[in-house]
Amino acid sequence: MSQTADQPDVEQHTGDVPPHRYTPALAQQIELAWQDRWEAEGTFHTPNPTGRLSEGFERVADRPKYFLMDMFPYPSGAGLHVGHPLGYLGTDVTSRFRRMDGDNVLHPMGYDAFGLPAEQYAVQTGQHPRVTTEANIAAIKAQLRRLGVDHDDRRSFATIDPGYYKWTQWIFLQLFGSWFDESAGKARPIEDLVAELDAGTRTPTAGTNPSGLPWAELDDVARRTVVDAHRLAYLNEAPVNWCPGLGTVLSNEEVTADGRSERGNFPVFRRPLKQWMMRITAYADRLIDDLDRMDWSDSLRLMQRNWIGRSNGAKVRFAAGAETVEVFTTRPDTLFGATYMVLAPEHPLVATLTADAWPDGTDPRWTGGAATPREAVAAYQRQASRRSELDRQDAGREKTGVWLGVTAVNPVNGRELPVFIADYVLTGYGTGAIMAVPGEDTRDFEFAEVFGLPVVRTVQPPEDFAGGAYTGSGPMINSANDEISLDGLEKADAIARITEWLVQHGHGEATTTYKLRDWLFSRQRYWGEPFPIVYDENDLPIPVPTSMLPVLLPEVDDYSPKTFADDDADSAPEPPLSRATEWTTVELDLGDGPKKYRRETNTMPNWAGSCWYYLRYLDPADDERMVDPELEKYWLGPREPGDVGGVDLYVGGVEHAVLHLLYARFWHKVLHDLGHVSSEEPFRRLVNQGYISAFAYTDERGFYVPAAEVVEKDGQFLYEGKPVNREYGKIGKSLKNMVTPDEMIGAYGADTFRVYEMSTGPLDQSRPWETKAVVGSQRLLQRIWRVVVDEQTGQVRAAEDVEPGEETLRALHRTIAGVRDGFSTLRFNIAIARITELTNHLTQAYGASSPVPRSVVEPLVLLVAPLAPHLADELWTRLGHEGSSAWHAFPVADERWLVEDTVQVAVQVNGKVRSQVSVPADADAAALEAAARADDKIAGYLDGATVRRVVAVPGRLVNFVLG
RNA sequence: GCGGGAGUGGUGUAACGGCAGCCACGCCAGACUUAGGAUCUGGUGCCUUCGGGCGUGCGGGUUCGAAUCCCGCCUCCCGCACCA
């Protein structure tokens with residue numbers, strides 16, 4: 001371990017410290033011994049109600065269950081810093097507290113290990129990803145053990161274990177084997193669909209039957225194609241996010257707003273490719289609506305709501321020559337104000353709509369300088385396709401576009417609307433076409449200004465309105481035809497009326513659109529779960545029978561991905577598994593005799609393994625089932641009818657707000673629909689822990705200097721005697737401000753490190769790291785130790801025959817109440833403050849060596865046990881108890897000692913505190929007032945003044961309002 | 001631009017609408033010490049003529065009473081961003 005200026009040198013002073021002091025060296029010794037003992041005795045084994053892990057359940061059968069967990073770590077090889085354990089310690093303290101307080105607590109931990117970063121790390125180090133990943137897992141496991149966390153180690157696994165990914169593949173087959181029945185609002189087995197199609201009670205969903213022939217007239221292959229297009233996991237040829245720098249395609253959630261890969265920051269291009277998709281959009285409504293049934297933070301729910309992006313509106317059809325252009329709008333009430341239309345440059349109707357020649361007198365601004373509409377459109381499309389995502393999304397850019405040379409007809413008033421293409425309309429949203437209402441839409445107004453298009457106002461702006469698009473509320477104007485008038489109506493009524501009219505006349509209908517897209521599920525990488533899919537001679541997908549799972553990831557000579565120049569948009573993905581020629585074809589007997597099949601060579605994204613791992617903790621060794629339904633019901637089932645169920649407390653970083661948390665909810669809902677789980681949601685309560693950052697320092701050249709060697713002097717920061725600039729940022733090697741748990745544990749012990757991390761604020765709050773402040777937590781633990789153990793003799797100071805005084809009893813019970821409050825609200829800092837107060841009180845009341853009442857010492861040890869479990873267990877056994885305190889009942893405050901006999905009450909005059917009076921705790925308002933008036937100081941203020949009013953709040957204060 | 005959250009000592013933080021700053025770091029002083037980066041004790045918001053005055057980003061409001069509730073503004077953080 002490196003020595004740095006901030007760390008105390010333990011060895012230097014051991015010569016003259018008392019022989020039985022709680023020193024870092026003693027802490028180490030105690031901690032290692034207890035960690036061994038907990039493991040040997042299975043202290044933290046949690047019994048299941050049934051099955052393989054049910055031994056000892058009768059001991060906890062009458063306890064309520066409590067399932068809490070962390071977002072499991074991803075062993076990247078970069079190493080843990082002091083910020084990483086924050087959440088793990090938060091759940092650990094909670095877990096230990098709830099176990100002591102009478103819950104059957106499940107607190108497991110596993111490892112997310114497939115995926116890009118692990119593969120990249122392996123490529124860098126020239127080793128097989130399994131080798132590096134397993135080494136990294138072992139390292140993290142050892143670090144967690146050294147922190148003293150209470151995970152049930154029998155339930156641990158990694159997503160790369162064949163026994164685990166067998167069931168990841170099984171879940172994929174569940175998704176492949178089902179479809180979303182819109183009328184039922186849920187997923188159903190695909191066999192039901194086939195049966196209903198056969199029976200003629202259902203027709204294929206729109207867009208799934210390219211031939212258009214009736215089901216009965218389709219041949220087998222055509223039927224399979226139709227059915228495949230209904231599945232929740234389906235193959236689709238569509239523009240996807242192709243990232244040449246990573247050599248793989250990515251999901252929308254993995255691409256940043258400026259069109260780059262979240263991982264590695266490489267450019268991403270839209271490119272049509274045939275890929276596996278997950279039909280998450282079918283669940284958009286339930287994913288939004290059920291957010292309100294869960295205990296998640298408002299901000300997180302909002303992020304999911306925004307990502308799903310539901311908007312209610314209407315589809316409206318406009319006739320354009322022989323064609324019909326369908327638009328989506330959230331403001332059908334402004335239909336009378338539409339003065340032109342815009343299609344996305346990639347809209348499929350552009351080619352058919354485009355005119356051969358410009359009509360006479362065409363505004364030169366509309367032509368893009370081209371001789372014909374076709375030339376103008378071709379040029380504009382080319383320009384739009386070359387434009388990067390970043391450019392295209394720059395809202396500040398001047399609007400561009402060209403006219404197609406044709407018009408469409410507004411169904412409400414017959415007005416001829418010129419039809420443009422412009423890149424401010426996006427292909428992927430709504431119908432890829434809009435009606436433009438410059439009077440009430442800012443973007444349309446900007447376009448209208450550039451192209452000289454008319455503006456018709458349909459909402460009355462206020463008198464002082466400055467001009468431009470008016471997006472506020474107001475009565476409708478200019479909105480009437482022979483049959484309908486919206487004039488005078490407010491927005492909501494107007495939308496209802498016009499929608500009704502559109503439906504009556506066949507011009508449109510109410511509809512809902514979403515920003516959420518289906519989840520792109522294939523990756524062209526080696527280090528992931530293989531798909532349990534093979535292809536037959538028709539190139540159609542066939543599921544591998546569950547009896548043949550898992551489909552093992554084959555060993556290959558070259559597992560590195562085929563990557564390309566970052567900006568090589570025309571490159572094509574090449575899955576590493578396609579090079580495993582032995583593996584790619586396989587002879588199987590799938591019912592009609594042994595045949596050759598071609599394997600799917602894509603792998604799953606690393607989100608797959610993390611989508612359902614919480615279920616596997618219930619029994620990771622179950623080889624018969626993904627999860628035993630009885631265990632799922634016990635640990636995750638609804639607590640009462642209408643409850644969503646799920647993990648009782650899930651702690652993790654906010655960076656997974658729309659990735660892991662959305663995908664996992666989707667899978668869980670599918671599993672629920674198919675009857676595999678009783679709960680409707682995976683995570684009932686979710687808390688985002690804060691981040692720990694640290695100061696970093698730059699010298700006069702702007703280079704970072706080692707933060708640990710910077711000293712502060714008179715408000716200045718010095719490195720090697722020279723002033724440096726202080727910055728604040730992420731902990732890491734690049735800022736030279738790395739501090740690791742191992743260093744802190746080496747210098748102070750795990751308990752001190754735990755107490756320090758928990759003392760710096762509520763769990764969900766971000767905070768700075770400050771090594772020099774850790775000593776405060778060490779001093780606290782030393783004082784607690786000293787209250788129990790005589791530092792000179794090593795004798796236990798607790799004595800049965802010493803009765804605590806009243807003040808000590810009050811201090812104890814106030815502390816119990818405060819610590820409970822802190823633990824149950826994840827504000828561990830409050831619990832630690834109360835424990836500190838009690839410890840300081842005992843230190844003062846009983847000195848360094850006189851006996852301390854056992855009736856106070858024991859509760860103190862139990863109170864601190866969730867925070868500093870090694871120290872507590874050591875003291876607990878020294879106090880004469882057998883074994884760990886982990887299962888001992890947590891102290892309960894006695895109300896008797898929480899209420900005071902007499903209370904100090906503030907006396908205010910005109911709202912300012914002028915004095916204090918001591919009154920009986922149950923004194924009523926009149927008695928309070930009398931006591932206050934009797935106070936000399938107050939009498940002085942009241943003398944000669946008119947008391948206009950007296951406010952007396954029993955137990956709180958008296959306020960005299962003078963006239 | 002839209003949406004959300006937050007602004008309290010030198011620092012991390014704490015305060016059912018009721019005595020602002022619990023607890024800790026740091027700092028100051030003292031005790032024990034050859035010594036102190038150990039331990040223990042006391043002090044520590046700002047100003048002060050030592051009476052007191054002023055203090056929770058700024059300005060208003062509600063209230064007997066506001067860090068807390070309401071309105072406006074400023075600053076910072078987060079999310080989304082031409083989403084029709």
Side-chain angles (χ1 to χ4, degrees), chain A residues 5-9 12-14 16-18 21 23 257 297-303 305-307 309 311 313 327-331 334 342 392-397 399 422-426 428-437 440-444 446-447 513-515 654 657-658 712 715 755-756 759-762 765-777 779-780 782-783 786 791 818 827 829-837 839-840 843-844 847-848 904-916 948-953 955-962:
Chain A
D6 276 353
Q7 290 161 21
D9 186 334
Q12 193 176 317
H13 304 289
T14 45
D16 50 355
V17 296
R21 170 156 297 172
T23 59
S297 73
D298 289 344
S299 64
L300 198 73
R301 286 188 294 183
L302 197 75
M303 280 160 74
R305 223 172 266 131
N306 288 342
W307 185 262
S311 33
V327 307
F328 172 74
T329 176
T330 55
R331 293 294 303 275
T334 63
V342 185
R392 192 160 168 177
Q393 293 187 359
D394 179 5
R397 218 175 84 233
K399 296 282 181 288
D423 63 7
Y424 82 93
V425 172
L426 308 176
Y429 186 75
T431 60
I434 62 156
M435 64 175 203
V437 187
E440 279 89 32
D441 184 283
T442 314
R443 298 151 299 178
D444 296 344
E446 287 167 8
F447 188 88
T513 65
Y514 305 88
K515 280 197 324 193
V654 71
V658 291
E712 187 181 354
V755 169
Y756 173 70
S759 73
T760 47
Q765 189 165 323
S766 291
R767 60 201 77 180
W769 176 264
E770 199 178 3
T771 298
K772 71 176 182 189
V774 178
V775 68
S777 301
R779 288 178 190 149
L780 169 63
Q782 283 179 334
R783 288 202 296 277
R786 200 176 300 123
E791 285 191 330
R827 295 180 303 163
N829 53 324
I830 291 181
I832 293 167
R834 298 294 85 81
I835 288 172
T836 310
E837 283 173 335
T839 307
N840 291 349
T843 300
Q844 290 189 349
Q904 288 280 311
V905 165
V907 184
Q908 299 181 335
V909 176
N910 286 337
K912 291 199 187 302
V913 178
R914 298 300 183 186
S915 186
Q916 304 270 332
R948 206 153 52 85
R949 186 171 168 189
V950 180
V951 182
V953 185
R956 299 236 176 261
L957 54 51
V958 187
N959 187 12
F960 291 97
V961 185
L962 304 186

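Below, read A as the first sequence line, B as the second, and so on, with proteins coming before strands; counting in each chain starts at 1.
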For a quick check of understanding: with a heavy-atom distance under 4.0 Å over all strands, which category does [X] fall into, base, sugar-phosphate or nothing?
{"X": "Asn840(A)", "result": "sugar-phosphate"}
{"X": "Thr513(A)", "result": "nothing"}
{"X": "Ser759(A)", "result": "nothing"}
{"X": "Val953(A)", "result": "base"}
{"X": "Ser777(A)", "result": "nothing"}
{"X": "Arg914(A)", "result": "sugar-phosphate"}
{"X": "Ile830(A)", "result": "sugar-phosphate"}
{"X": "Gln908(A)", "result": "base"}
{"X": "Ile434(A)", "result": "base"}

Inter-nucleotide [atom1] distance ([N], [M]), Å rounded:
{"N": "A66(B)", "M": "A15(B)", "atom1": "C1'", "result": "13 Å"}
{"N": "C50(B)", "M": "G5(B)", "atom1": "C1'", "result": "44 Å"}
{"N": "G65(B)", "M": "U11(B)", "atom1": "P", "result": "32 Å"}
{"N": "C32(B)", "M": "G53(B)", "atom1": "C1'", "result": "41 Å"}
{"N": "U13(B)", "M": "U8(B)", "atom1": "P", "result": "9 Å"}
{"N": "G45(B)", "M": "G55(B)", "atom1": "C1'", "result": "8 Å"}
{"N": "C70(B)", "M": "C80(B)", "atom1": "P", "result": "27 Å"}

Under 4.0 Å: is that the gap between some side-chain N or O of [X] and OP1 or OP2 of [N]?
{"X": "Gln765(A)", "N": "U13(B)", "result": "yes"}
{"X": "Asn306(A)", "N": "A81(B)", "result": "no"}
{"X": "Gln904(A)", "N": "G18(B)", "result": "no"}
{"X": "Arg783(A)", "N": "A24(B)", "result": "yes"}
{"X": "Arg949(A)", "N": "C64(B)", "result": "yes"}
{"X": "Arg786(A)", "N": "C40(B)", "result": "yes"}
{"X": "Arg779(A)", "N": "A38(B)", "result": "yes"}
{"X": "Asn829(A)", "N": "A14(B)", "result": "yes"}

When syn is taken as a glycosidic angle within 90 degrees of 0, is G51(B) syn or anti?
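Glycosidic conformation of G51(B): syn.
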
Would you mind calling G9(B) syn or anti? Take O4'-C1'-N9-C4 for purines or O4'-C1'-N1-C2 for pyrimidines, and syn is within 90° of 0.
syn

As an exercise, state the distance from CD1 of Ile835(A) to CD1 of Ile830(A), rounded to the nearest 0.5 Å.
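Nearest 0.5 Å value for the CD1-CD1 distance: 12.0 Å.
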
In whole angstrom, what separates Arg827(A)'s CZ from A14(B)'s P?
7 Å

Both distances below 3.5 Å, Watson-Crick or wobble geometry, any strand: find the nucleotide opposite U75(B).
A6(B)

Does the side chain of Tyr429(A) come under 3.5 Å of the side chain of Ser311(A) through a donor N or O and an acceptor N or O?
yes

Just checking, Lys399(A) and Phe447(A): is the charged tip under 6.0 Å from the six-membered ring centre and within 45° of the axis?
no

Judged by atom type as modelled, is there a donor-acceptor pair below 3.5 Å linking the side chain of Asn959(A) to the main-chain atoms of Val907(A)?
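Checked: no pair found.
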
Find out whether Thr760(A) and Trp769(A) are in side-chain contact, i.e. whether some heavy atom of one side chain is under 4.5 Å from a heavy atom of the other.
no

